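Comments concern the structure below.
Both backbone and side-chain heavy atoms feed into the values below; hydrogens, waters and symmetry mates do not. Quantities reported herein were computed from a predicted structural model and do not represent experimental measurements.
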Amino acid sequence: MEVHREDGRSQNQLRPLACSRNILHRAHGSASWSQGDTKVLAAVYGPKAGTKKNENPEKACIEVIWKPKTGQIGDFLTSLLIVLAFEVWYAGNFQNILHWCLGKPEKEYEMILKRTLESICILTVNPNTTTSIIVQVVNDDGALLPSAINAACMALVDAGIPMKHLAVAICCCVAKTGYVILDPTKLEEQKTKAFAYLVFPNSVHSVLPEGSLRVEGEPIENGIITSVTHGIMPVDDYFYCLEPGRAASVKLSDFLRRNLQQQSTDSSKAG
Amino acid sequence: MDGYNCVFNPLFRSKENRLTMGLPNASGDLSTEVEVDAFRRLFPLRFYEKHLLESIRPDARPLGRARETTIALGAVASANGSALAKIGSTTMLAAIKMEVMTPSLETPDEGCIAIDFHMPPICSPIVRPGRPAEAAPVVAKQLSDTILSSGMINLKELSLVSGKAAWMAYLDIYCLDADGALFDTALLSAVAAFSHLEIPVVSLNDDGKIVLSEEQGLSDREPVNKERRKINLSSIPFSLTCVLHKNYILADPTAEEESIMDTIVTVVLDSSSQLVSLHKPGGTVLAYTSAIQDCIALTRQRVKELQKILEEAISGMEVD
Amino acid sequence: MAAKPGSAPVTYSPNLGQKTRPPIFKDNDLDWVRPDGRGFHQCRPAFFRTGAVNSASGSAYAELGSTKVIVSVFGPRESKKAMMYSDTGRLNCNVSYTTFATPVRGQGSDHKEFSSMLHKALEGAIMLETFPKTTVDVFALVLESGGSDLPVVISCASLALADAGIMMYDLVAAVSVSCLGKNLVIDPVLEEESYQDGSLMLTCMPSRYEVTQLTFTGEWSTPEINEAMQLCLDACNKLGKVMRTCLKEAASASQE
Amino acid sequence: MRGLKLPLSQTQRVRLQRAFEKLQSLSAKANSDASLTVADTIPVNYEDAFLKGHGTADLNGELVATVCGVVERVNNLVYVRALRARYKPEVGDVVVGRVVEVAQKRWRLEINFSQDAVLMLSSMNMPDGIQRRRTALDELNMRSIFEENDIVCAEVRNFQHDGSLQLQARSQKYGKLEKGQLLIIDPYLVKKSKQHFHHLEQFGVDLILGRNGYIWIGEHVEARDSMVIDQAKNIEQSTVVEGINQAYTPLEMRQNICRIANAIRVLTSLGFNVDLNLIMETVELSSSLKIDIHDMLGSEFHVLVAEMEAERRSLTTKRKR
Amino acid sequence: MVGLSVGEKHFIQGGIAQDLRSDGRKRLTYRPIYVETGVIPQAHGSARVRLGATDVIASVKAELGKPSALQPDKGKIAIYVDCSPTAAPMFEGRGGEELSTELSVALQRCLLGGKSGAGAGIDPTSLVVVEGKVCWDLYIDGLVISSDGNLLDALAAAIKAALSNTGIPKVDVAAETTSDEQPEVNISDEEFLQFDTSGIPVIVTLTKVGRHYIVDATSEEESQMSSAVSISVNRKGHICGLTKRGGVGLDPSIILDMISVAKHVSEQLINKLDSEIAAAEASEEES
């Protein structure tokens, strides 16, 4: 059954996507990702020598710093201001002091982001190094964590960090039994009973024949890297989310590929 | 001075089962015993994979079985409700203290719950007195999300005088011994503490403050909340953490297993088997639908076990 | 839907009027009865057990009446880089209270000096030179404060050190005595402590018969001091025996 | 003179005042006009070439003092000697220092200077006295020669470019100091003299006046011809502890050490320069008047010493004139 | 904090064994004590004590407050000690934190007596204006300016001198109002009532080095301490508090012996201190 959404989108329709990379001068890799009004900036510094306390030195270590949205002045202006201030401050390398005094919610997002990015990066390439990823929330209009994951992923690509595969994140809202809407706005997120953030590997154009890349009867990109749910939902509702989520991840992967190709054609032109 | 059987007795049984472990097929004499330890410390992953081939774990548990779980209610006398939960050797002490607050304008007849999770320096070598452990705030946030979103407690039951006074339940959970599956044990101890909670009978004294009524013999002033002594818990959430490794699923991992295999899935179901939360933060192994279904099946079975244990503890509580 | 974690509303505990007015003592008022019915010179039954925390190299749990304490010992392990070169080991103690330990929430924080007093009590008993350039960390958590918390922490800490295999001259036992009017009351409960006229805490090594720490407050005449110290020393002896039996049990249990 | 922190009775205060005036008058003639404070212009004629020394700066053409003190002229070098400053080392100074850290092939010593001085392993005699190259083994058991907090007597060798100081303890009279007490006073009270090591036969005491204000008074150690003694003492010291007990300094020598130490304390609190004969006179004064060692620090003895010094100075100036 | 070489330690221990310390003192003699009162004008009472090179200031400020519900008939007294970085470089930032809490607790233990207020140096009941409603709260602050050992004794002497110099303004209750709200009170700033400071104890710290114990140890001697016992004795010879510092165990008989020695030494100290305070008060009036 059709459900009416304020902005007139259909059930599985995503909000307009926009992604631009290499927007920061000092960072080794940076990207800004916006889904509708939700806009997140991500910057990558490193890999630098040395690992933090009680981290495994044989592997690269990923450190995530989550900077929540602060202040009310115009959003784009705040974003540039904050990130620039951040660059200067970052050079002074005080991040663990600020890291320590963040509130609780940021800590959970940081842990989820860190674990997700650790699973997609190839950690054994440069051991005993630390890669710092700074996520700056510019505006939050629902599906904040998935857009942060997408932004961080694109920033890693921009920084040339070796990765097994890209990660594509989507938020599925369970409105009533069996009815799933994708990429909700903040209002829809609060109104609905429960929602689930899902992260899938991006779909690959493989040279091999169609069926060969299947694991237990499912293509690789059906495997869930990260899944975080909020609110109560019947068990099978969760599985109902998986289907549209996977479909959306294919759409997102195509968007990424187009964005990347368009970037490579520019550099080849310039090169 | 005779030692008597105290509430914390379950705290100590773990020492025994630790000693029975050992490679099922290792020959008994001491030299291989030492080599086993060295091998375990040097190549932990290969050590574990040798066990997984025969679908058994170093502490002689089959893959799907959780460790021995005990609950002791009423561990702390100075709190209104308290419980000690122990899964394997991971031990959590939860205690609730009730204080009075003036409810906010938007929700005049609702009380409030403040949930905090502490990892004191005694629980593990990594924690130092100055710096709190990184995992503590993350587990605290997950706990408060799970308990509040599970609707186990109807906040309206915590109100005293609508708009003027309501209960603020401070739930503090202390990890006494960290050996893996911290979230499961913490949630279990929180749920047990709530089931043991006794709301004190209070009444309004003359200058508008809520005071314990039987204290100052104000029996003449009728208590504000005479009848509701116990909070009725509707859908109680129970959780199970599993570790995915290649195509094995290990239930209820110990700290060592968590450190070796990094893909952790935590499934929280409530007593009416609704999915409260499914939490898989990254990890090298991708979770396919079949793996998630297995995890949920294991969790359903675990929920039944935990419900039985909780009922025993509560019935035990009523008897003495 | 979710509670308001951000704005922590100001709350107060309803049981404010709980403390009764302190009884006034006439000089030879002997009909004073202790709230839990013990004799003046009778300690609360002591329950000790080692091996409470598995991830620690040594740990112990102690329960005297309603005072419950867990101590875990880590080390000897490498000390922080900032430390100067020292050819004797270093002892690092930290005592903390749970928020629900004291009747009124959050009163645990006004015992900041317990950590340094624990350090002084244990320093004399540990052979520091057997682990040079390293640190032994002793962390204590008071689960419930039922009166004379520090002596229970000290005794439990020395058990945890023994459980961790740290070389010591002797176990350390500690007892405190409160002076209410004319009578000396041993091992006081929280209520007695709140209206005591004076108090004496003695930490000693029972078999070596040496006092490692002694603090008392309030006005004492010398005969009173002698009597109180003798009382504490006998109590420490008895406590030492109970601690020894607990260690023997733990040792025999692990032999089976 | 610096304010005395002692409780003086009325009469004592008057006598002390008179003694100080006399001293003031005696020493005033020499350079009373030369003392100046910060930013005073220094009277110098600009025709002949002059060199700007320490404590001076030129401010729009004029030579100005940057430190309060006394102007000194050495042929065409003009500098201001500060009254009271931390120790400014000069090459060849005998200094007494305390080992702060045992580092790579060197010890760092605290000598009351802005930086820690460095004593290289190579710039001191080996315990067995033989001259040879330093091996890794020596480096390993450096701690057996000097360890943290040891008191060491050495000589300033040179300045390194980064301003840090190098010491050397080549000759026999330098090395570790034991069995005595260290006094820390203001460096400017210790004048540079030919002889800083004094062996007081009548007391059997060694007195070392370190230029950096560290003064060592200890039991006399016989002619320190070679480091062999040190090595012997080390073995004896490390083997047995109670061996140390009988080796306490005998009471009679200890009294002398304490008397000399208190004499130096009195002189420094009065602000007089500390040199050998002044110390000797103070000690004789205290023993002749049979003043108990501890009472030497009392205010009465301070006044007596001030008066004694006043007369002595007046005698010397009369003889000179 | 004070590094000593093996030779120096040996020399100090020898001196103490032969009853001749490095500055000529006997084992039980004090360094020259020097007391000044009224050093801080805006405080109700203040004093500075110099014990050899150790230099401390104590100040007493009194404010009107509400007595605690548990002891409506007693005023409140708070003691806090602060080590200023001028005393030693290591007191900068948090360095002096631990030492100042230790000193504050030791002072509270020795001067304020049991929780019920009995045995306190200053009788808290004399601080009450209107029982249960209004009382004086005394804030005693100690500041360590330069530290050369024996800080606790110097601080206790400074507090005793400061309290004898304290003048609490007379207070009369204006109107007898209904029971619960605060009666208004006017504070007269001419007449002041003094404290009787006879009951205030002094602290004697006996430091044990080797087999002997000494009084008023300098920081070098303190670094040699195997154990130290700080005993606070009042004029009546009663012990008002004791703190044993230092790790090494002591035989109970030695502690009792030390207590008797402390009582004997404290008599001289109390008389010396009282004469010094009287002299300081006299010199303060005429200056």
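Between B:Tyr248 and B:His245, the two ring planes are parallel [angle under 30°; tilted spans 30° to 60°].
No side-chain N or O of B:Asp179 forms a donor-acceptor pair with one of B:Thr254 less than 3.5 Å apart. Looking at A:Glu58 and A:Asn128, their side chains never bring a donor and an acceptor atom within 3.5 Å of each other. Checked by atom type, the side-chain pair A:Thr130/A:Glu63 shows no donor-acceptor distance below 3.5 Å. A:Tyr238 and A:Ser227 share a donor-acceptor pair across their side chains, judged by distance under 3.5 Å alone.
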For this session: Begin from the C-alpha positions of A:Trp66 and A:Val137 and carry the test side-chain contact (heavy atoms from CB on, under 4.5 Å) through to its verdict.
Result: CA-CA 8 Å; A:Trp66 182 280; A:Val137 176; 3.6 Å; yes
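The salt bridge (charged side-chain N to carboxylate O under 4.0 Å, His left out) test applied to A:Asp141 returns A:Arg15, not counting sequence neighbours.
Contact of A:Lys114 with chain B is not made at all, since no heavy-atom distance falls under 4.5 Å. A:Ile225 touches chain B through backbone and side chain together, each having a heavy atom under 4.5 Å away. Heavy-atom distances place the side chain of A:Met111, and not its backbone, under 4.5 Å from chain B.
Of the listed residues B:Thr146, B:Ile296, B:Ile292, B:Val285, the one with more heavy-atom pairs under 4.5 angstrom with chain A than any other is B:Ile292.
The side-chain contact (heavy atoms from CB on, under 4.5 Å) test with B:Ser144 is passed by exactly one of B:Leu171, B:Asp116, B:Ile115: B:Ile115.
Identified by a heavy-atom distance below 4.5 Å to chain A, the contributing residues of residues 255-279 of chain B are B:Leu269, B:Asp270, B:Ser273, B:Gln274, B:Leu275, B:Val276, B:Ser277, B:Leu278, B:His279, in residue-number order.
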